[in-house]
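Report on one structure; see the data block that follows.
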There are 2 protein chains.
Amino acid sequence: MKQGELDMTTLPDELDLLILPRWIVPVVPSGIVLEHHALAVHQGRIIALLPAAQTNELNVRERRELPDHLVIPGLINAHGHAAMSLLRGLADDLPLMTWLTDHIWPAEGRWVNADFVRLGTDLAIAEMLRGGTTCFADMYFHPEVAAAAAMDAGIRAQLAFPVIDNPIPGARDATEAIAKGLKLHDETRHNELISVAFGPHAPYTVGDETLTRVRTLADELDLPIHMHIHETAFEVEESVRLTGMRPLQRLQKLGLLSPRLQAVHVTQINDQDLALLSEHGVQVIHCPESNMKLASGAMPVQRLLGAQVNVALGTDGAASNNDLDMLGEMRSAAFLAKLTAGDPTALDAHAALHMATLAGARALGLAEETGSLEVGKAADITAIDFSGLAQQPVYEPVSQLLYTCSAAQVSDVWVAGKQKLRDGKLCSLDTGPILQQASALATRIRQGDTHES
Amino acid sequence: MKQGELDMTTLPDELDLLILPRWIVPVVPSGIVLEHHALAVHQGRIIALLPAAQTNELNVRERRELPDHLVIPGLINAHGHAAMSLLRGLADDLPLMTWLTDHIWPAEGRWVNADFVRLGTDLAIAEMLRGGTTCFADMYFHPEVAAAAAMDAGIRAQLAFPVIDNPIPGARDATEAIAKGLKLHDETRHNELISVAFGPHAPYTVGDETLTRVRTLADELDLPIHMHIHETAFEVEESVRLTGMRPLQRLQKLGLLSPRLQAVHVTQINDQDLALLSEHGVQVIHCPESNMKLASGAMPVQRLLGAQVNVALGTDGAASNNDLDMLGEMRSAAFLAKLTAGDPTALDAHAALHMATLAGARALGLAEETGSLEVGKAADITAIDFSGLAQQPVYEPVSQLLYTCSAAQVSDVWVAGKQKLRDGKLCSLDTGPILQQASALATRIRQGDTHES
């Protein structure tokens, strides 16, 4: 397929970057694969997508040839707890409550502070950039520290500041958490890469009064709300027992259901829940690997998509996944969708890629800026090397991406036109000290964890 | 944990190889992780497993230090169709019958010959060795060609020769297929790496008469029988409709249920089926990714393990997976087992590793030879590098292996003491020509496939 002819008069005298891969999947228009095309990037934005044959005359600062590569929009990890990478594998294969109460919560209570969040977020950002993620939604303590880490790394991020009716690291109560969160929003509002959201943890940890306050402020400030919702059957049953309502019903009553609500997990829904999500245009975020690993259940993705609900994709934190590999997560999403629907055509390769890119941008309110390779959008770009044994031969590049690629095949990444990964190596982050400190801290945590349990 | 002191008098004057990793998981004894131990290899066999501190005095030809690595038994891919790697991604996200009748079968009918099998098997073997697999069970046309490829590469393999009541590439009918298969058995019986099995395709493609012949010959020659069984609900329903029996009942009636039967897929079982599998000691082989991708269903792994059934793991062919990555398959198996059982403790990290190693060896009748790192067994060994971003920090090495590692992290592989992979690079296979030929053939196949559909 050919794009229209290029109007040379609109191009700058010297272009910043021209990327020349074997294939480009722009995600918009949907379902197409461009072969032997080039992506022109200038001042951080995509300014043209044109046949490679038309680029010989262009005056270009950098010409990046990627002859065996597929180029896609940067991946968007729509849910996670970045700093929890430091607790990766601390305690696996356990029942949810044992895992939380005997391991994760004690470890967090004892170890989480601003330094922990900085180190863990640095580790997570390095892993995410290495795996082709250019934007991530985070929900963890000390969000101002995570925001600083994202800014330093130059990765796009939505920081959801946690709101819980209990003291948490960095905030004595919900009031302080909200005040600090709004301060962060204020301080970062002119940063192109950073956005801030309310992060009420879950229906069962935040009461009506706080949720009403969150709703009022979010409406007033036009900010998203990021929340774990209907993660487990137990959560839904307990809500019915205690309030007479399913969590989504209660959130509707409190006025929280709207396109600014980002509902994470949603493994348990009945027809009424589905109707609520669809009618109110709620953003839904799918974390298939976390849901399977914790045996929470399977989101009925096909039913949600069939009801026109926007479904984005997230890895969840590394303590419950245990990696931040969005390509692996896409594959798990496709496998699980087919199994759940009993239909091998469910969540095909293009649909899975859409979920991991444009749907993520939409969910985070960033679709004007990122999520597809369209002229005018930020140059958030990921390239995947198809020259490996498991990627050959290639019949359908997007199918190959979905069913054979993981973080290891990602070769190049740009965020807003700045190169972050080149030939599989991080360009600016020095991971040596991060890994060393993470390992040293883990040794102390492991000793503490063993000692206490 | 400490192994017993080493009796130096039993060691050779000069040892072939000493592997010194950070961690060793021998699989037997079950559940243990040895830290700072060494594996001593001589004349292709494991001759000692001892504390690293005791190895300084040893006279060793090669000392392989792997300071950030986990060493495990070589992975055993207990089901696949190696040569189908050439059809990887030819047609995905389609209903099973559309996929088979409109794409796979026409492509096979037109393109499969001995050259195709050699090239495809070479490609598959390279990918498997790259990913830590030291033994694979294959079931495809021209098994003598696949056997030659395995012998040339020095990888352990069980070749199941296909038996179907129809003409197939390489055999006009079941009689010729059996004759050729037994000839292959005869020719390879003294090869330490190669074993041969009967490969009746599935209950619905092989009639009672042929199955009875297979059973009789397999009993007489003490050979395994490798067969797709209860892959889909449709298969089971059709069998009931046509014969009044579920496939496993019919196989019992024909005398095929025994420990020499390797039943692949088994996504659909009722209590009676489970009892049959358990009572007769049938080997069961799980292909979770293929089953999910084709929406065939989910094997109830916990119920099978609870009934003392041996459950091995396989990738299936790359046309329905689409890679041969056993570490990824282990992870999918764990995710799916937890989801299916509704229990996050199901198929924990050690159980998943057991499934991918010793259970595979047992299923293929090779447990005396491989599947664990025990003194006396062949030195089939895989090392995984844990220095990457997604592998750090490390609390539990086996958990980290299961939940964060894929083929890309495999660094070193030995089969029967011979090094096949070193620092992620294949030692003896030249993959350049394989990839080039595979790509050229795929171009022709794609044109043919598009043309015909």
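Throughout, protein chains are lettered first and strands after them, A, B, ... in sequence-line order, and every chain is numbered starting at 1.
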Carboxylate-amine/guanidinium proximity below 4.0 Å for R88(A) and E127(A) = yes
Short N-O contact, K293(B) and D93(B), less than 4.0 angstrom = no
Tell me, out of E396(B), Q391(B), Q400(B), who's got the most heavy-atom pairs with chain A below 4.5 Å.
->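 So the answer, after comparing E396(B), Q391(B), Q400(B), is Q400(B).
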Heavy-atom cut-off 4.5 Å, strictly under: side chain, backbone, both or neither for [X] against chain A?
X: T98(B); answer: neither
X: T431(B); answer: side chain
X: L429(B); answer: neither
X: T340(B); answer: neither
X: L87(B); answer: both
X: A298(B); answer: both
X: E289(B); answer: both
X: D348(B); answer: both
X: L94(B); answer: backbone

Taking it one step at a time, do S399(B) and D92(A) satisfy side-chain hydrogen bond (donor to acceptor under 3.5 Å, both in side chains)?
-> CA-CA 7 Å; S399(B) 204; D92(A) 288 326; 2.2 Å; yes
Backbone of L129(A) reached by a side-chain donor or acceptor of K420(A) within 3.5 Å |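 Between the backbone of L129(A) and the side chain of K420(A) there is no qualifying donor-acceptor contact (under 3.5 Å).
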Would you say D68(B)'s side chain and F386(B)'s backbone share a donor-acceptor pair under 3.5 angstrom?
->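 A pair under 3.5 Å: no.
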Pair count under 4.5 Å, heavy atoms only, with chain B: among A390(A), A442(A), A408(A), highest is A390(A)
Stepwise, does the side-chain hydrogen bond (donor to acceptor under 3.5 Å, both in side chains) test hold for T133(B) with N77(B)?
-> CA-CA 7 Å; T133(B) 294; N77(B) 188 345; 5.1 Å; no
side-chain hydrogen bond (donor to acceptor under 3.5 Å, both in side chains) assessment of T267(A) paired with N291(A) | CA-CA 8 Å; T267(A) 70; N291(A) 297 157; 5.8 Å; no
Distance-minimising heavy-atom pair for C405(B) and L327(B) |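 Nearest pair, atom of C405(B) first, then L327(B): O-CB, 3.5 Å.
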